[in-house]
Asker: 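First, the structure itself, so that you have it in front of you.
Quick note on labels: first sequence line is chain A, next is B, and so on, each numbered from 1.
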There are 2 protein chains.
Amino acid sequence: MPQSKPPVEASLPERFSHARNVQANAVMEDYVELISDLMAEFGEARIADIAQRLGVAHPTATKAVARLKREGLAVSRPYRGVFLTDAGAALADKVRARHRTLVDLLVAVGVPPEVAELDAEGMEHHVSDTALAAFRAFLEK
Amino acid sequence: MPQSKPPVEASLPERFSHARNVQANAVMEDYVELISDLMAEFGEARIADIAQRLGVAHPTATKAVARLKREGLAVSRPYRGVFLTDAGAALADKVRARHRTLVDLLVAVGVPPEVAELDAEGMEHHVSDTALAAFRAFLEK
DNA sequence: CAATCAATGAAGCCTTGGCTACATTGCCCT
DNA sequence: AGGGCAATGTAGCCAAGGCTTCATTGATTG
């Protein structure tokens, strides 16, 4: 019986699987926020615009939108624009607010704004509500 | 020479593609750091231990190690433990230091330590050297 | 009013990172 | 020495998220 490692290590697998889980939602979050932006800007989100802004080929965007629809975050009809459901819009708002708070925090601790934007794009998806609340509290000081 | 990019929006696709790029290395970074830990602890890293600590099935770890070897970060012989190359060890050190600094920063701005660990696991891969330097400077204040 | 062309959709391929099921190997222990 | 069991390896499946290529649709404009 190798009973040598009981203490702290137990939570490691959970940390990793949590991170993997978060990552699975990251792409969806990016799409939802972008669609929200485009709707605000043009009244609808076109596949071509989504693909262009995300820097991917248009079939990639089409597939992602299909997944969004499957998960109840967006609706669309063939050859028409994409629109968010209420759930999608709510998610978009949350994601956008989190993004801004994270960028603000990074800048507040001394990260140059352009770098903050770049780094935040990947980091934001992993910021928990708890951390976000701490960020807000810190920024208000 | 390309002129300067107009204002700000032009860089959106680059931000996303940068984040996707970083993400592609994230799993490799996790494996390398973990192998480094196991080598320090047991003198070698066994596939079973890697898989267990990461919370994945062992063939998943085997495949990842194969990629590590392909990229020159690790070496191994069939049915024996896995070892890091110099490049792999250097990467592990960098990743570990970055992780610690990020956790420290999160705690410093008020995030509870357990939450900081959890969130950092996913965020760390997106922290640039520039941001890291800013974190260190902030922590020394 | 029709033709052209841009935008969308569909099909099919690749890699990654999960998984399960099964085949091998090696090591420990009787 | 040999058996059995744990550890590794192998094969093959799946979904996601990229891609290219080709077909279809619709909207603009001559």
Asker: With the side chain counted from C-beta on, respond yes when A/Q23 and A/H125 share a heavy-atom pair under 4.5 Å apart, and no when they do not.
Answerer: no
Asker: Is A/D49 paired with A/R46 through a side-chain N to carboxylate O contact shorter than 4.0 Å?
Answerer: no
Asker: Measure the distance from CD on A/E71 to C1' on D/dA16 and round it to the nearest whole Å.
Answerer: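 It is 11 Å, rounded to the nearest whole Å.
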Asker: Between A/R98 and A/E29, is there a side-chain N and carboxylate O pair less than 4.0 Å apart?
Answerer: yes
Asker: What nucleotide among C/dT8, D/dC19, C/dC19 has an atom nearest to a side-chain atom of A/A57?
Answerer: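 The closest nucleotide is D/dC19.
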Asker: Could you tell me how far apart A/M28 (CE) and D/dA15 (P) are, to the nearest whole angstrom?
Answerer: 15 Å
Asker: Can you check the B/Y31 OH to C/dT16 P distance for me, whole Å?
Answerer: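 Distance, rounded to whole Å: 13 Å.
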Asker: Starting the side chain at C-beta, find the nucleotide from D/dA11, D/dG18, D/dA7 nearest to B/P59.
Answerer: D/dA11
Asker: Rounding to a whole Å, what distance do you find between A/F16:CZ and C/dG18:P?
Answerer: 11 Å
Asker: Without decimals, in angstroms, what is the distance between A/N25 CG and D/dA15 P?
Answerer: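 Nearest whole value for this atom pair: 17 Å.
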Asker: Is A/R46 close enough to C/dT8 that one of its side-chain N or O atoms is under 4.0 Å from OP1 or OP2 there?
Answerer: yes
Asker: To check you understand the geometry: which heavy-atom pair defines the closest contact between A/A131 and B/V115, and what is its length?
Answerer: N-CG1, 4.3 Å
Asker: Could you check how far CD1 of B/I47 sits from P of C/dG18, rounded to whole Å?
Answerer: 13 Å
Asker: With respect to the phosphate group of C/dC19, does any side-chain polar atom (N or O) of B/T60 fall under 4.0 Å of OP1 or OP2?
Answerer: yes
Asker: Return no unless some side-chain N or O of A/R20 is found under 4.0 Å from OP1 or OP2 of D/dA16.
Answerer: no
Asker: Is the B/F138 ring parallel, tilted or perpendicular to the A/F138 ring (thresholds 30°, 60°)?
Answerer: perpendicular
Asker: Using the side-chain heavy atoms of B/H58, tell me which of these nucleotides is nearest: D/dG18, D/dG9, C/dG9.
Answerer: D/dG9
Asker: In terms of the nearest nucleotide of DNA chain D, which residue is placed more toward the 5' end: B/R77 or A/A24?
Answerer: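 Checking each residue's closest nucleotide, the 5'-ward one belongs to B/R77.
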Asker: I need the CD-C1' distance between A/Q23 and D/dA15, as an integer number of Å.
Answerer: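 These atoms are roughly 15 Å apart.
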Asker: Quick check: closest heavy atoms across B/P113 and B/V107, and the distance to 0.1 Å?
Answerer: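 Closest pair (atom of B/P113, atom of B/V107, distance): CA-CG2, 4.1 Å.
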Asker: Please enumerate all protein N or O atoms sitting under 3.5 Å from an N or O of nucleotides 25-29 of chain C, with distances to 0.1 Å.
Answerer:
| residue | atom | partner | partner atom | Å |
| --- | --- | --- | --- | --- |
| C/dT25 | O4' | B/Y79 | OH | 3.2 |

Asker: Write down the distance between NE2 (B/H125) and P (C/dT16), rounded to a whole number of angstrom.
Answerer: 17 Å
Asker: Among C/dG18, C/dT16, D/dT10, which nucleotide has an atom closest to any side-chain atom of B/K63?
Answerer: C/dG18
Asker: Are B/K69 and B/V75 packed together at the side-chain level, in the sense that at least one heavy-atom pair is separated by less than 4.5 angstrom?
Answerer: no
